[in-house]
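Everything on this sheet refers to the single structure shown next.
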Amino acid sequence: MNQIFALVDCNNFYASCERVFDPSLQRRPVVVLSNNDGCIVARSNEAKVLGIGMGTPYFKAKDVIEKNRIAVFSSNYTLYADMSNRVMQTLCGFTPNMEIYSIDEAFLALDGIHENLDRYGREIRKRVLQWTGLPVSVGIARTKTLAKIANHLAKKSLKANGVLDLTQNTYIDLALERTPVEEVWGVGRRIAAKLQKQGIVNARQLAQMDTGWIQKTFSIMTVKTVLELRGQPCFDLEEVPEPNQNITVSRSFGQEIESIDELHQSLCSYVSRAAEKLRKQGLCVQGLTAFAMSNRFHTETAYFNSGSVIFDTATESSLELVQAIGPLTQRIYRDKVKFKKAGVILSQLVPRDKVQLNLFDNRLNRDRDKVLMQTLDKINRRGKQVYFASEGVVQPWKTKFERKSNYYTTRWDELVKVC
DNA sequence: TCTGGGGTCCTAGGACCC
DNA sequence: TCTGGGGTCCTAGGACCC
């Protein structure tokens with residue numbers, strides 16, 4: 001079966017989401033910041049032209065930002081998740097065979113489409129823009145890796161104007177030649193540097209490399225990448241997502257903390273958030289790790305510590321997890337350290353209905369816990385926050401979001417008003 | 001002064017066993 | 001006390017993705 005993949009990718013997703021609900025941003029450059037307003041993680045095209053790089057620390061770009069009246073936003077994940085859903089719903093209308101690859105991208109199987117693929121891609125683009133207000137680019141090819149490349153070029157090239165069909169062999173070589181090796185999906189900084197040292201600077205050269213040498217020098221993953229560049233599919237559409245193997249919740253603090261109480265509060269807060277995610281996926285957890293660290297950029301005072309517990313019986317109870325945080329905090333805390341970041345990792349996850357019961361399970365009230373958690377989740381789903389006292393009330397460590405836009409789509413009092 | 005978060009997969013090397 | 005090799009399992013660390 002000859003497969004055809006379309007990669008649909010939202011342009012500058014977070015920045016575009018902000019624009020949808022604020023027309024005054026239409027011609028202004030826009031950037032969106034990471035958690036804690038730390039780095040720039042999304043830029044409108046105008047901001048890119050001004051030379052603002054992906055991942056630039058906000059404070060380093062402040063001069064350019066002020067000089068050019070760039071609009072700055074903290075991340076508004078609630079808004080972006082909602083907009084992402086709308087995009088994915090729209091794409092569903094084109095094919096049921098779809099893989100949601102990330103918050104702003106999806107692979108679509110276009111095998112059965114008999115009409116002109118370029119025209120079909122333009123129809124996708126038009127409808128998503130019309131229904132959601134978000135601009136997307138569409139790359140079409142016979143492997144996922146080539147679809148990624150087609151998508152890149154569709155974004156960059158004026159002639160392509162948002163859609164590029166690379167299913168015809170005639171154009172593939174040219175497209176590969178125009179793609180720097182570091183832009184190939186699966187080739188990161190390290191592998192790119194090594195390849196460039198060998199004189200391999202574009203995707204076309206990479207496609208021609210001996211796979212034996214690639215396997216020896218890198219790994220089986222890079223071999224697959226090379227084969228995909230040659231048009232030989234190695235990665236399938238993954239329509240049903242695999243369940244998570246880990247759930248992590250970690251944050252940088254709004255300000256550094258030194259007291260064990262505050263560290264404990266933050267970890268309790270993160271673990272209860274992680275437990276929510278856990279229950280939402282119908283999973284229980286057996287391994288819990290907590291970690292805390294100082295500012296990683298101050299290498300001379302660097303501190304990192306972590307501790308783990310294994311539960312005898314896998315649990316989904318926030319109560320049990322929060323209780324376990326106490327001793328873990330004791331273990332990883334150290335006097336006089338300025339903590340900048342902490343987090344928890346849930347590992348050894350098992351589906352709720354496959355939990356092995358332990359003969360010596362001595363935790364009482366497991367059933368009562370279960371009902372309590374259901375109630376807790378139900379209340380918090382409606383927006384009202386119920387949380388553990390151990391998470392603290394003042395929370396001076398809380399992550400900063402000082403320039404967040406409104407929850408335009410999920411809160412009645414923050415809807416856009418048309419006057 | 002200010003520098004994100006959440007994932008996956010692969011490999012090398014150590015521990016352990018026979 | 002010394003000697004060897006092969007297999008498996010686990011973990012830490014590296015590399016990648018968005």
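First the proteins, then the strands, lettered A, B, ... as listed; each starts at 1.
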| message | In dot-bracket form, 5' to 3', how is DNA chain C paired? Count Watson-Crick and G-U wobble pairs only if both distances fall under 3.5 Å, and write | where the partner sits on another strand. | response | ....||||||||||||||

| Want to settle it: does A:Gln281 or A:Tyr14 sit nearer the 5' end of DNA chain B, counting the closest nucleotide to each? |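 Of the two residues, A:Tyr14 wins.
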
List every contact pair, protein side and nucleotides 7-10 of chain C side both N or O, where the distance is under 3.5 Å.
none

Does [X] make a side-chain N or O approach to OP1 or OP2 of [N] shorter than 4.0 Å?
X	N	result
A:Lys60	B:dT1	no
A:Arg189	C:dG14	no
A:Ser250	B:dG6	yes
A:Ser252	B:dG5	yes
A:Lys340	B:dG4	no

| If you measure from the ring centre of A:Tyr58 to the centre of the six-membered ring in the base of B:dC2, is it under 5.5 Å, with the planes under 30° apart? |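 So A:Tyr58 does not count as stacking on the base.
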
| task | Let me know which of A:Lys224, A:Arg230, A:Glu228 forms a side chain to side chain donor-acceptor pair (under 3.5 Å) with A:Thr145. | result |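 Among the candidates, only A:Glu228 passes.
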
| field | Qualifying residue, where the test is side chain to side chain donor-acceptor pair (under 3.5 Å) with A:Ser137 and the options are A:Asn11, A:Asn151, A:Asp9 | value |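 When side chain to side chain donor-acceptor pair (under 3.5 Å) is applied between A:Ser137 and each of A:Asn11, A:Asn151, A:Asp9, only A:Asn11 qualifies.
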
| field | A:Lys155 bridged to A:Glu183 by N-O distance under 4.0 Å | value |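 No salt bridge links A:Lys155 with A:Glu183.
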
| message | Give me the distance, rounded to whole Å, that separates B:dT3 from C:dC18 when you measure between the P atoms they each carry. | response |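 Each nucleotide's P atom is 25 Å from the other's.
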
| Parallel, tilted or perpendicular: ring planes of A:Trp185 versus A:Tyr101, cut at 30 and 60 degrees |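 Taking A:Tyr101 first and then A:Trp185, their aromatic rings stand perpendicular (interplane angle over 60°).
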
